[in-house]
Undergrad: 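I'd like to ask you about the structure that follows.
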Amino acid sequence: MQPWLEIIMPVRNPGSKLIESGASLIAQTDKSFGVVLSDNSSSKGTEIIAQFCVELNTAGIPVRRVKPDRDLGRVQHWNWAHAQGQADWLKPLFVGDLLKPEYVARVHQRAEKPQAHVVRCELETRTPNGSTVSSAPFKNES
């Protein structure tokens with residue numbers, strides 16, 4: 001069964017930050033999504049990619065690994081990876097980005113509303129000194 005949402009993750013030579021991003025996906029309260037992991041000719045970190053896939057699959061989150069037929073530039077890879085998405089809804093996620101545990105559930109709730117074509121979500125940025133900066137576009141909505 002095709003998930004309603006696919007999280008698109010372009011990678012190249014990932015480090016342990018990929019596992020951290022995976023942990024935030026595993027922590028989701030709504031696991032009705034899939035992940036498209038696009039590997040752009042990684043020459044190292046392949047064991048981390050394999051670990052990421054096993055951990056997500058074990059948690060019941062399907063991972064579809066794709067790979068371009070040649071080495072692509074960063075923007076080309078980003079665009080190519082998005083073109084591999086098959087779900088009605090796509091969410092880009094860079095290695096090292098984290099999603100709050102209720103993220104997928106909240107997007108699912110918004111996406112089911114009539115006439116929804118785009119869902120804009122809250123963004124929280126953590127600075128090197130540990131402080132956070134938040135953007136909450138829907139503070140007054142349920």
Undergrad: What's the separation between atom CG in L25 and atom CE in M9, rounded to the nearest 0.5 Å?
TA: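 The CE atom of M9 is 6.0 Å from CG of L25, to the nearest 0.5 Å.
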Undergrad: Run through the side-chain heavy atoms of Ile, Leu, Val, Met, Phe, Trp and Tyr, join any pair under 4.5 Å, and report what else lands in F94's cluster.
TA: W78
Undergrad: I'd like to know if the side chain of K67 and the backbone of S41 have a donor-acceptor N/O pair within less than 3.5 Å.
TA: no
Undergrad: Does K31 reach the main-chain N or O of Q28 with its side chain, forming a donor-acceptor pair under 3.5 Å?
TA: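 Answer holds: yes.
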Undergrad: Any donor-acceptor pair under 3.5 Å linking the side chain of N13 with the backbone of S43?
TA: yes
Undergrad: To the nearest 0.5 Å, what is the distance between CG (N40) and CZ (R70)?
TA: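 So the gap between those two atoms works out to 9.5 Å.
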Undergrad: Would you call I26 and L56 a side-chain contact if the rule is heavy atoms closer than 4.5 Å?
TA: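 Yes - at least one pair of side-chain heavy atoms lies under 4.5 Å apart.
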Undergrad: In Å, rounded to the nearest 0.5 Å, how long is the span from NE2 of H77 to CZ of R12?
TA: 9.0 Å
Undergrad: Would you name the heavy atoms of E6 and Q84 that are closest together and state the gap between them?
TA: OE1-O, 4.5 Å
Undergrad: Apart from V36 itself, what residues make up its hydrophobic cluster when side-chain heavy atoms of I, L, V, M, F, W and Y under 4.5 Å apart count as a link, directly or indirectly?
TA: I8, V66, L72, W80, L90
Undergrad: Answer yes or no: is there a donor N or O on one side and an acceptor on the other, between the side chain of S38 and the main chain of P10, under 3.5 Å?
TA: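 Looks like no, no N/O pair under 3.5 Å.
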Undergrad: My understanding is that only residues two or more places apart in sequence, or in another chain, count here; which of them pass salt bridge (Lys or Arg N to Asp or Glu O under 4.0 Å) with D69?
TA: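 With neighbours one apart ignored, the set is empty.
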Undergrad: Can you see which heavy atom on C53 is nearest to which on L37, and at what distance?
TA: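 The pair with the smallest heavy-atom distance is SG-CD2, 4.0 Å.
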Undergrad: Taking H108 for the side chain and F33 for the main chain, is one N or O donor matched with an acceptor at less than 3.5 Å?
TA: no
Undergrad: Taking only residues two or more places apart in sequence or in another chain, which ones pass salt bridge (Lys or Arg N to Asp or Glu O under 4.0 Å) with R65?
TA: none
Undergrad: Any chance you could measure D39, atom CG, to T46, atom OG1, to the nearest 0.5 Å?
TA: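 Reported value, rounded in 0.5 Å steps: 8.5 Å.
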Undergrad: For I48, check side-chain contact (heavy atoms from CB on, under 4.5 Å) against everything at least two apart and list the hits.
TA: L18, I19
Undergrad: Going from CD1 on I61 to OG on S32, what distance comes out if it is rounded to the nearest 0.5 angstrom?
TA: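 Answer rounded to 0.5 Å: 10.0 Å.
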Undergrad: Output every pair passing salt bridge (charged side-chain N to carboxylate O under 4.0 Å, His left out) with a member in residues 43-52, not counting sequence neighbours, ordered by first then second residue.
TA: none
Undergrad: Nearest 0.5 Å, please: how far is CG in L93 from OH in Y103?
TA: 8.5 Å
